[in-house]
Amino acid sequence: MFALVDVNSFYASCEKVFRPDLKGKPIVVVSNNDGCIISLSREAKQLGIKMGEPYFKFKEKSYPSRVYVFSSNYALYADLSSRVMQILTDLAPAIEIYSIDEAFVNVSGVSHCMSLEAFGRQMRAQILKNTGLTVGVGIAPTKTLAKLANYAAKRWSGTGGVVDLSDRERQRKLLANVPVDEVWGVGRRITKKLNAMGISTALALADASSWVICKHFNVVLERTVRELRGEPCLDLEEFTPTKQQIICSRSFGHRITQYEEMHQAICAYAERAAEKLRGEHQYCRFISVFLRTSPHADNEIYYGNQASTILMTPTNDSRDIIRAATEALGRIWLDGYRYMKAGVMLADFFSTGVAQLNLFDDNRLRVNSAALMDMIDSVNHSGKGKIWFAGQGIEKSWAMKREMLSPAYTTRYADLPVAR
DNA sequence: TCTGGGGTCCTAGGACCC
DNA sequence: TCTGGGGTCCTAGGACCC
């Protein structure tokens, strides 16, 4: 039996935690570079503001009451997220952290002690008390049904934020009332195709023939169908599998036209990606760089390209990764374009750097590499300041815009809220 | 002027092998 | 003139998720 716990309007709610003056006010959070709206408070949704709307379009409109806007403050969200997850870890036998604001909880043994619904309310109350955040809880025999139970808990206020869908009759009653596009794993394209086949509710999908689904779609959707029928196909993944790839990419604060600026940005992304790689205790062989102009600009010719390098020996040394990335950049850079976005991707991971050293390997092992990288990472995590390689420059005029950033209330001493 | 960032999984098709 | 069948591996692209 699974419970899906997720925080209501997570980013927007985080912004409100330290701003009691915003209680009941509409607020939105915009993505990196202040690009588009990625989180809305309940009040903002009621004003008809839409998720994903570009910020510049939003600004052109007017609303009956003032809408407060925040740039994404990931340091704040990550910290509040870990507090929520810690509470769940303390209360439940096992949890799977599914995303920054969601966790699946194993509640199989709980019914011996208390009702599942009561347990849901307990988790909800504890999180509200300790963090000020409100969660929804959906309980069901499969992950896909737990997701739907959670949807119901959010959607119908009479539920008090907790829905237990153990009972088969209740499952079918809910499924009949939920449009198929709300099902986990059913996106825009699949919805369109299902609708064309006359399947428009979750119940119709649950009752569809496995054979037909497999024939017209694939095994993934077929698994979803079985989960909707109450047959568990997905387990709780308590231990996060090691990553297959690491990406660091950003849109620029302004369009880049000079090679030197792009070179700086790629250095910065490569260094950040290497830091993440070391955080995973991994080494990589595959390093790839991509860049692109704006796909939205009608009066410019689009250019996007990608180049990659495969090293002989796995590495997690920033210097190797920066060198491979800048070399790849040289192969795809073209003058005369206005670049909007670029990124660095690492893949082909190994758990140690001890690979066979190739006879012709020009990438000689570096002395003290691990010690130097450890030192850099620990300085950068100490809060006392940052050090970085010179290649990313000092000015960073290309850096993303975050003009409406809230303070790092919980992770920076200078930003600690003061109670008077 | 201005449209996020970071992931996973699956499939089709090509290259190559015997 | 006539050109099989079966397998693996890799990659690009599509679809989904938050």
Side-chain angles (χ1 to χ4, degrees), chain A residues 4-11 28-39 50-61 69-74 77-78 81 96-104 143-144 147 150-151 180-194 214-224 233-234 237 240-255 269 272-273 276-277 279-280 286 288 290 292-300 302 304-306 308 310 338 340-349 400-403:
Chain A
L4 176 69
V5 180
D6 86 331
V7 182
N8 300 353
S9 309
F10 182 54
Y11 296 169
V28 299
V29 175
V30 292
S31 62
N32 274 338
N33 229 14
D34 299 341
C36 53
I37 291 170
I38 54 171
S39 182
K50 288 278 174 283
M51 180 83 152
E53 184 172 31
Y55 179 54
F56 75 91
K57 282 191 183 164
F58 161 84
K59 271 198 298 195
E60 288 165 2
K61 299 179 184 166
V69 182
F70 293 90
S71 304
S72 304
N73 184 346
Y74 287 102
Y77 311 150
S81 170
E96 171 190 338
I97 297 172
Y98 179 68
S99 74
I100 193 164
D101 73 326
E102 266 178 78
F104 286 102
K143 283 182 163 181
T144 306
K147 275 271 194 184
N150 181 283
Y151 165 83
V180 74
D181 60 291
E182 294 292 344
V183 174
W184 191 35
V186 176
R188 266 207 340 271
R189 303 295 290 262
I190 292 179
T191 300
K192 209 171 156 193
K193 208 164 149 185
L194 284 172
C214 222
K215 183 166 161 251
H216 290 283
F217 300 90
N218 55 38
V219 294
V220 182
L221 191 65
E222 195 232 321
R223 203 164 53 200
T224 299
C233 302
L234 302 168
E237 283 169 26
T240 42
T242 47
K243 283 195 201 311
Q244 306 290 307
Q245 57 177 231
I246 286 172
I247 297 174
C248 181
S249 74
R250 294 277 184 284
S251 297
F252 304 119
H254 65 79
R255 298 284 186 261
Y269 300 164
R272 177 71 188 117
K276 285 192 207 172
L277 182 65
E280 296 282 316
F286 179 88
S288 150
F290 68 87
R292 69 168 75 112
T293 62
S294 169
H296 304 288
D298 296 333
N299 47 359
E300 288 176 35
Y302 176 79
N305 207 345
Q306 165 272 327
S308 56
I310 298 174
R338 300 173 65 243
M340 181 197 81
K341 182 175 182 174
V344 171
M345 183 179 108
L346 309 179
D348 198 6
F349 294 162
M400 64 190 184
K401 282 188 279 193
R402 297 166 85 190
E403 285 167 358

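Reminder, nothing fancy here: chain letters follow the sequence lines and each chain counts from 1. In this text, all values refer to a predicted model and were calculated from it rather than measured experimentally.
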Asks: Contact class for N32(A) vs. all strands (heavy atom < 4.0 Å): base, sugar-phosphate, or nothing?
Replies: sugar-phosphate
Asks: Want to settle it: does C248(A) or E60(A) sit nearer the 5' end of DNA chain B, counting the closest nucleotide to each?
Replies: E60(A)
Asks: Determine the contact category for I246(A): base if any of its heavy atoms lies under 4.0 Å from a base atom, sugar-phosphate if only primed atoms, P, OP1 or OP2 are that close, otherwise nothing.
Replies: sugar-phosphate
Asks: Determine the interatomic distance between C1' on dC16(B) and the same-named atom on dG4(C); round to the nearest Å.
Replies: 16 Å
Asks: Determine whether D34(A) and S71(A) satisfy the following criterion, side chain to side chain donor-acceptor pair (under 3.5 Å), listing intermediate values before the conclusion.
Replies: CA-CA 6 Å; D34(A) 299 341; S71(A) 304; 2.9 Å; yes
Asks: Measure the CZ-CG distance between F290(A) and N305(A) for me, rounded to the nearest 0.5 Å.
Replies: 12.0 Å
Asks: Y98(A) has a side chain; which of dC18(C), dC2(B), dA15(C) sits nearest to it?
Replies: dC18(C)
Asks: What is the nucleic acid contact for V30(A), judged by heavy atoms within less than 4.0 Å: base, sugar-phosphate only, or nothing?
Replies: nothing
Asks: What does Q244(A) touch in the nucleic acid at a heavy-atom separation under 4.0 angstrom: a base, only the sugar-phosphate, or nothing?
Replies: sugar-phosphate
Asks: Answer whether the closest heavy-atom distance between the side chains of S294(A) and R255(A) falls below 4.5 Å.
Replies: yes
Asks: Can you tell me if K193(A) touches the phosphate of dA15(C), counting only side-chain N or O atoms and a distance under 4.0 Å to OP1 or OP2?
Replies: no
Asks: Just N and O in the side chain of S251(A): are any of them under 4.0 Å from OP1 or OP2 of dG5(B)?
Replies: yes
Asks: For a quick test of reading the model: is some side-chain N or O of S294(A) closer than 4.0 Å to OP1 or OP2 of dT3(B)?
Replies: no
Asks: Assign K341(A) to base, sugar-phosphate, or nothing according to its heavy-atom contacts below 4.0 angstrom with the strands shown.
Replies: sugar-phosphate
Asks: For a quick check of understanding: with a heavy-atom distance under 4.0 Å over all strands, which category does K243(A) fall into, base, sugar-phosphate or nothing?
Replies: sugar-phosphate
Asks: Of the nucleotides dG6(B), dC18(C), dT3(B), which has the atom closest to the S99(A) side chain?
Replies: dC18(C)
Asks: What does D101(A) touch in the nucleic acid at a heavy-atom separation under 4.0 angstrom: a base, only the sugar-phosphate, or nothing?
Replies: sugar-phosphate
Asks: What I'd like to find out is whether the side chain of K50(A) reaches to under 4.5 Å of the side chain of K57(A), using heavy atoms alone.
Replies: no
Asks: Has R189(A) got a side-chain N or O lying under 4.0 Å from the OP1 or OP2 atom of dG13(C)?
Replies: no
Asks: Remember a base hit wins even if backbone is also touched, and classify K192(A) as base, sugar-phosphate or nothing at under 4.0 Å, heavy atoms.
Replies: nothing
Asks: Spell out protein contact along nucleotides 7-12 of chain C as letters: B when the base is contacted, S when just the sugar-phosphate is, - when no protein heavy atom is under 4.0 Å; keep the 5' to 3' order.
Replies: ------
Asks: Would you mind telling me which residue lines up with the more 5' stretch of DNA chain B, S31(A) or R223(A), judged by nearest nucleotide?
Replies: S31(A)
Asks: Need one value for V183(A): base, sugar-phosphate or nothing, where a base atom within 4.0 Å counts as base even if backbone is also close, heavy atoms only.
Replies: sugar-phosphate
Asks: Return the nearest nucleotide to the side chain of H296(A); candidates are dC18(C), dT3(B), dG5(B).
Replies: dT3(B)
Asks: Are N33(A) and R250(A) packed together at the side-chain level, in the sense that at least one heavy-atom pair is separated by less than 4.5 angstrom?
Replies: no
Asks: How would you list, by chain and number, every residue that makes a ring-ring contact (aromatic ring centres under 6.0 Å, His included) with Y11(A), sequence neighbours excluded?
Replies: Y74(A), Y77(A)
